[in-house]
2 protein chains.
Amino acid sequence: MHREADDNERETRSGRNIIEIIRTMRAELRKSDRKVADVVLKDPQRILNATVGETATFAEVSQPTVLRFAMAIGCKGFQDFKIRLAQSLAFGTPATHSVLLETDDPETVAEKIFEYTMTSLDWARSHLDRAALHKAIDILANARTIEFFGFGASGIVAHDAQQKFPLFGVPCGAQLDSHQQIMIASMMKQGDVAFVISNTGTTRSIIEIARIARANGAAVICLTGSDSPLASYCDVALIVETLENTNMYTPTISRIAALVVIDILSTSVAMRRPLEDQARFHNMKRQLSDMRKVQTI
Amino acid sequence: MHREADDNERETRSGRNIIEIIRTMRAELRKSDRKVADVVLKDPQRILNATVGETATFAEVSQPTVLRFAMAIGCKGFQDFKIRLAQSLAFGTPATHSVLLETDDPETVAEKIFEYTMTSLDWARSHLDRAALHKAIDILANARTIEFFGFGASGIVAHDAQQKFPLFGVPCGAQLDSHQQIMIASMMKQGDVAFVISNTGTTRSIIEIARIARANGAAVICLTGSDSPLASYCDVALIVETLENTNMYTPTISRIAALVVIDILSTSVAMRRPLEDQARFHNMKRQLSDMRKVQTI
DNA sequence: TCCGTTCTGTAGTAAAATTACATAAAACTA
DNA sequence: TAGTTTTATGTAATTTTACTACAGAACGGA
């Protein structure tokens with residue numbers, strides 16, 4: 001008897017993105033099952049409208065093999081497999097379709113970038129460390145002041161964060177300039193929070209900031225793209241994995257995923273705040289909307 | 001005989017989001033079909049793992065009625081219906097599940113914000129005006145200089161755009177300060193491009209910028225959230241519709257959609273550039289990556 | 001009330017998914 | 001290397017599921 005997926009832990013949406021699962025499990029599959037895996041990966045859309053028999057023909061195996069394949073990758077049966085496949089395919093097939101070509105017209109570029117962004121967000125979603133998130137929220141909710149640090153694209157994220165957090169009564173700053181960063185970091189103390197943003201996590205000066213802030217007793221949270229050197233200088237590391245590859249035309253998805261994480265943090269922190277602060281926030285929002293209408297130069 | 005969905009126009013992704021279709025068609029359905037529609041809308045997830053018989057039981061109708069329902073909403077059969085439903089459900093049911101509650105724990109908040117962001121992006125994707133996109137790319141590709149204007153959250157988008165575009169040999173600026181904006185707009189002339197970003201599109205001062213820049217002969221592109229007053233002062237209006245509602249805890253999705261549009265524009269413009277510029281871009285990227293490693297304070 | 005149309009359920013049929021079993025291939029042991 | 005156990009794959013039977021034909025019921029208009 002061969003491995004059967006544990007039936008208990010599959011409830012609402014445990015094994016998301018069956019295509020990823022197939023790809024990672026491909027190596028350890030039976031030879032015939034691999035044939036099935038290959039036809040599925042090659043043209044998943046075709047399988048959606050196919051029966052067991054048709055799929056068996058495509059893969060040049062027998063019908064039970066197709067069933068066994070479905071079982072092997074953790075599905076209850078062929079129907080269940082098709083449902084899961086359909087859900088994975090809702091974004092379009094990530095890797096295959098999203099590669100930008102020199103010859104693409106603007107509409108295709110738009111489609112691909114949207115697809116790619118959504119797929120990457122989904123990836124980031126499923127790879128986000130929930131424990132770290134919890135811890136970061138705890139720290140931020142109890143912060144006296146928060147300083148956001150970042151360069152380049154990460155600087156944008158820092159700037160965005162600085163716009164959102166003060167709304168709930170916590171004084172914040174965003175430091176985008178290298179010298180300014182050192183100065184501010186040196187002045188931090190117990191009760192302050194340094195929020196360090198760096199996609200690569202290897203930039204020397206930003207690591208230095210984390211080190212200084214921590215040495216001064218501040219809590220340090222980092223938001224980075226992989227388990228980088230920066231993480232070891234921080235109390236909490238929020239690692240936002242994305243599918244970014246180095247292709248010239250691939251846009252920088254990392255900042256978008258980072259912005260979503262900022263949304264999550266600011267929202268969660270806001271929900272912990274006393275009601276009076278929330279009222280003040282509403283007030284602010286109304287004033288801003290008034291200003292928009294009357295403001296002259 | 002009753003209406004049958006036209007079979008020819010259903011190919012890859014014509015009838016997207018079957019749930020929306022059901023909701024809109026609900027009124028004109030047969031009485032028994034409506035019973036089926038209701039159980040589907042109430043708990044779509046449950047139908048995914050159900051057979052025709054089970055669905056019939058849930059809706060308290062006969063099995064053929066379930067089949068006729070599937071046909072009525074434009075599916076080829078029950079199987080096809082389930083596949084379509086699964087695809088619609090991949091994001092999670094937007095309206096229902098994505099509403100943030102006071103009682104949500106951080107993990108749920110994270111899930112909901114990711115879901116909501118992805119759903120909104122998908123919405124923006126399908127509502128983006130392709131003709132306007134085309135036109136904007138044409139203008140940007142031939143620009144001598146580009147100035148990005150924006151306040152608040154839109155200022156971040158402007159800042160981001162300013163970081164991406166110069167890479168391809170076009171000098172750019174980002175103006176986030178009101179006075180600075182007026183000054184720069186006043187100095188623009190034929191051949192320059194003013195890229196005005198405002199989610200609401202109603203902020204007076206930003207409309208003024210568009211007016212001034214245009215009066216001076218500059219081409220004006222706006223990136224806004226709806227068909228706003230601002231659009232009438234521009235040569236091209238890129239309208240990025242999002243699902244933003246005014247709920248306190250709903251994060252500002254508009255800036256994320258705007259950033260994706262910036263990605264699309266910059267990528268498309270880059271692809272029109274001569275190869276020498278693309279080489280220069282690669283060079284720059286390498287130098288940046290070198291700097292990251294050696295840079296000390 | 002009668003006739004025609006539109007719904008909806010019963011019962012039957014075709015087709016698909018799943019299981020049981022047997023044979024072939026591979027791996028392991030002596 | 002021969003024999004034995006284990007694993008992998010196909011054939012054929014069985015069950016389940018999706019779909020169709022038909023007939024009775026409900027509704028609407030004259």
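Keep in mind that this is a model prediction, so the values were computed, not measured. Quick note on labels: first sequence line is chain A, next is B, and so on, each numbered from 1.
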d([atom1], [X]; [atom2], [N]) in whole Å:
X	N	atom1	atom2	answer
Arg68(B)	dA18(D)	CZ	C1'	14 Å
Arg30(A)	dA24(C)	CZ	C1'	15 Å
Arg34(A)	dA8(D)	CZ	P	11 Å
Phe81(A)	dT18(C)	CZ	C1'	16 Å
Glu54(B)	dT16(D)	CD	C1'	11 Å
Lys76(A)	dT18(C)	NZ	P	12 Å
Lys31(A)	dA26(C)	NZ	P	5 Å
Glu60(B)	dC7(C)	CD	C1'	18 Å

Sidechain N-carboxylate O distance under 4.0 Å for [X], [Y]:
X	Y	answer
Asp80(B)	Arg84(B)	yes
Arg125(A)	Glu111(B)	yes
Asp263(A)	Arg255(B)	yes
Arg68(A)	Asp33(A)	no

On DNA chain D, does the nearest nucleotide to Lys35(A) precede the nearest nucleotide to Leu67(B) from the 5' side, or the other way round? Give the residue.
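Checking each residue's closest nucleotide, the 5'-ward one belongs to Lys35(A).
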I want to confirm an ordering. Mapping Gln63(A) and Pro64(B) to their closest nucleotides on DNA chain D, which one lands closer to the 5' end?
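Closer to the 5' end of DNA chain D: Gln63(A).
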Which pair of heavy atoms, one from Pro44(A) and one from Leu41(A), lies closest together, and at what distance?
CD-O, 3.8 Å
Within the structure, does a side-chain N or O atom of Thr65(A) lie under 4.0 Å from either OP1 or OP2 of dA8(D)?
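No, no such contact exists.
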Ser32(B) vs dT8(C): side-chain N/O to OP1/OP2 distance below 4.0 Å
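So the side-chain polar atoms of Ser32(B) do come within 4.0 Å of the phosphate oxygens OP1 or OP2 of dT8(C), strictly under.
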Looking at the side chain of Phe78(A), which of dA18(D), dA17(C), dT8(C) is the nearest nucleotide?
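When the side chain of Phe78(A) is considered, dA17(C) is the closest of dA18(D), dA17(C), dT8(C).
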Return the nearest nucleotide to the side chain of Gln79(A); candidates are dG9(C), dA17(C), dT20(D).
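In terms of side-chain proximity for Gln79(A), the closest of dG9(C), dA17(C), dT20(D) is dA17(C).
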